[in-house]
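Working notes, structure below.
Hydrogens, waters and symmetry mates are skipped; everything else that's a heavy atom, side chains included, is used. Keep in mind that what you see is a predicted model, and the values were worked out from it rather than measured.
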Amino acid sequence: MSADWPIVRLGDYCLKVGSGATPRGGASVYLDEGEICLIRSQNIYNDGFKSNGLVYITEDSAEKLKNVVIEKNDVLLNITGDSVARVCLAKEEYLPARVNQHVSIIRPDPKEFDARYLRYLLTSPAMQKFLLTIAAVGATRNALTKNMIETLEVSKPPLVIQEAIAAHLETLDDKIELNRQANQTLENIAQAIFKSWFVDFDPTRAKIVAIQNGQDPEHAAMAAISGKTIEALNQLSSEQQKSLKSTAALFPDTLVDSELGKIPDGWDVKPLSYYLDVNHGYAFKGEYFSDKPTDNILLTPGNFKVGGGFKFDKLKYYDGPIPERYILDRNDLLVTMTDLSKQADTLGFPALVSEVGNFTFLHNQRLGKVVSKSEDLKKYFLYFLFKSHRYRGEIVGGATGTTVKHTAPKKILAFTHPFQGELEDVFDNFSCSIYSNIESNMNNNETLIQLRDTLLPKLLSGELDIDSEEPT
């Protein structure tokens, strides 16, 4: 039975409801770093605050926005555009901060509302549906007004129950966030090794320096590969030392000139077209898109993280005929061919189709599927190559379109890179073990998310006693 909690007008229990403004000069005055953040709609998601695209403003600009100073645990609500109704809490590590006109600050009276509870309430399916409905009424662009927010009717349990509900759900969210952080750390490790081996050529440079100093080049390369001191190498097992030696042997002790600058002697600069193809997907008909979950998921650029990687966001369900050749295999390597953002945030970036869940993933025309012509190159090596700085610069620099950015298979295939041969396989095998751990964490997160999303409406309605279900 649902609890008999009062329904109240949100504005009556808030210390502040208000949106900000764009500083004079707009994007031209944004800073890449600074002391004061300007939080915009692209930083706010229902699963938490995202720092991608975060900008900074000067003290002078911030002073002109002093009426929209953000405090820790303010509820931030997107109030215009396609991201309307997305909501999260302000995080202390990004303060001091202001918001622009597309974001509203909701600061509940802490004696009446737990901000965490209010955030969960606003992200609940029923409330999200209601907010999206009222935002679409009577306007050409989705918008939530200050009056709509203040007159919003919300459930108000006793504060102690709000705190218990928030703590219960937050426990699950904390576990989800820890898994995400672990995955980011694992990916950063692989990315750093890729850069060290295939961009900076650190083991070769270590050999050159060692020879100049009359030292052992093999041990210097082993130290560069492992990140350990030469003294610490002696503490490794014989098997570990053998593996490091075989990898170090793949790096020469000389750099030579090439069209890309200095590269290790014996490495070949070739275009990607020598090794692979990039195939467009299928234009699945919109009439078969489904609002209800199905087993068929049409992958889009919305399933790509900024910077590369797969995410279970913005799932597009499909319930129609499927050409067999456009059914994706798990772990297929994809790249985005189209991007709607002004900064082309995901254009050309890669993602590996996740092994999580019992879905059939479909390949649409906005994504390119990477197909090797031989076994010479491995997908994990390619994945990190497609995340590299020089590749990214060439793809974005050669993009077409204004509002919508496009790239093409021929532009991706024209990218050149120095290849060694065996070393790509060594890196691929190493990365495969890392991605096994990443997939395990993703699978665990999907289980936690399903549990949280099942408990959320039941806890918020009082249908489920807070003590009757413990987070797992």
Check your understanding: Can a salt bridge be assigned to the pair Asp332 and Lys369 using a cut-off of 4.0 Å between side-chain N and carboxylate O?
Key -> yes

Review point. Can you tell me if Asp339 uses its side chain to pair, donor with acceptor, with the backbone of Thr346 under 3.5 Å?
Key: yes

Review point. Is there a donor-acceptor pair under 3.5 Å between the side chain of Ser124 and the backbone N or O of Leu121?
Key: yes

Review point. Between Val75, Asp74, Leu77, which is the residue that forms a side-chain contact (heavy atoms from CB on, under 4.5 Å) with Ile105?
Key: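 Of the listed options, the one satisfying the test is Asp74.
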
**Study point:** Step-by-step ring pair (Phe, Tyr, Trp, His ring centres under 6.0 Å) determination, Phe381 to Phe194
**Key:** CA-CA 8 Å; Phe381 170 83; Phe194 178 92; 5.5 Å; yes

If you measure only the distance, is there a donor-acceptor pair under 3.5 Å linking the side chains of [X] and [Y]?
| X | Y | result |
| --- | --- | --- |
| Ser196 | Asp202 | yes |
| Gln128 | Thr123 | no |
| Thr58 | Ser61 | yes |
| Thr80 | His102 | yes |
| Tyr120 | Asp173 | yes |

Kindly write out the residues that satisfy side-chain contact (heavy atoms from CB on, under 4.5 Å) with [X], not counting sequence neighbours, or none if the list is empty.
| X | result |
| --- | --- |
| Lys91 | Phe49, Glu93, Tyr94 |
| Ser83 | Ser41, Asn78, Arg86 |
| Tyr282 | Phe284, Pro323, Tyr326 |
| Arg366 | Pro301, Thr338, Asn364 |

Practice item. For the pair Lys387 and Glu187, evaluate side chain to side chain contact (heavy atoms under 4.5 Å, CB included) and give the outcome as yes or no after the intermediate values. Key: CA-CA 11 Å; Lys387 286 165 60 72; Glu187 186 147 332; 3.1 Å; yes

Exercise for review: Enumerate the residue pairs fulfilling salt bridge (Lys or Arg N to Asp or Glu O under 4.0 Å) with a member in residues 47-57, sequence neighbours excluded, ordered by first and then second residue.
Suggested key: Asp47-Lys50, Asp47-Arg180

Check your understanding: Would one find more than 12 heavy atoms of other residues, nucleotides or ligands at under 6.0 Å from atom CG of Asp32?
Key -> no

Check your understanding: Step by step, would you call Val87 with Tyr45 a side chain to side chain contact (heavy atoms under 4.5 Å, CB included)?
Key -> CA-CA 6 Å; Val87 60; Tyr45 289 82; over 6 Å; no

Practice item. Mind checking ring-ring contact (aromatic ring centres under 6.0 Å, His included) for Phe304 and listing every partner two or more places apart, or none if nothing turns up? Key: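 Listed in chain order: nothing, the list is empty.
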
Practice item. Tell me, with the steps shown, if Tyr56 and Tyr30 meet side chain to side chain contact (heavy atoms under 4.5 Å, CB included). Key: CA-CA 6 Å; Tyr56 298 83; Tyr30 294 163; over 6 Å; no

Check your understanding: Is the NZ or CZ atom of Lys156 positioned over Tyr13's six-membered ring, under 6.0 angstrom from the centre and within 45° of the axis?
Key ->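 Yes, cation above the ring, under 6.0 Å and within 45°.
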
Separation of [Y] [atom2] from [X] [atom1] (nearest 0.5 Å):
| X | Y | atom1 | atom2 | value |
| --- | --- | --- | --- | --- |
| Cys14 | Leu118 | SG | CG | 6.5 Å |
| Thr336 | Asn303 | OG1 | CG | 11.5 Å |
| Gln184 | Asn179 | CD | CG | 13.0 Å |

Review point. At their closest point, which heavy atom of Leu15 faces which heavy atom of Asp109, and how far apart are they?
Key: CG-CA, 3.9 Å

Check your understanding: Of Lys175, Arg452, Arg116, which meets side chain to side chain donor-acceptor pair (under 3.5 Å) against Glu170?
Key ->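 When Lys175, Arg452, Arg116 are each tested with Glu170, the side chain to side chain donor-acceptor pair (under 3.5 Å) holds only for Arg116.
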
Check your understanding: Parallel under 30°, tilted from 30 to 60°, perpendicular over 60°: which one fits the rings of Tyr391 and Phe386?
Key -> tilted

Practice item. Assign the ring pair Phe427 / Phe430 to parallel, tilted or perpendicular, where the plane angle (0 to 90°) is split at 30° and 60°. Key: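 Rings of Phe427 and Phe430: tilted, 30 to 60°.
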
Practice item. Test side chain to side chain contact (heavy atoms under 4.5 Å, CB included) on Lys378 and Asp425 and set out the steps. Key: CA-CA 7 Å; Lys378 304 297 183 181; Asp425 288 342; 3.2 Å; yes

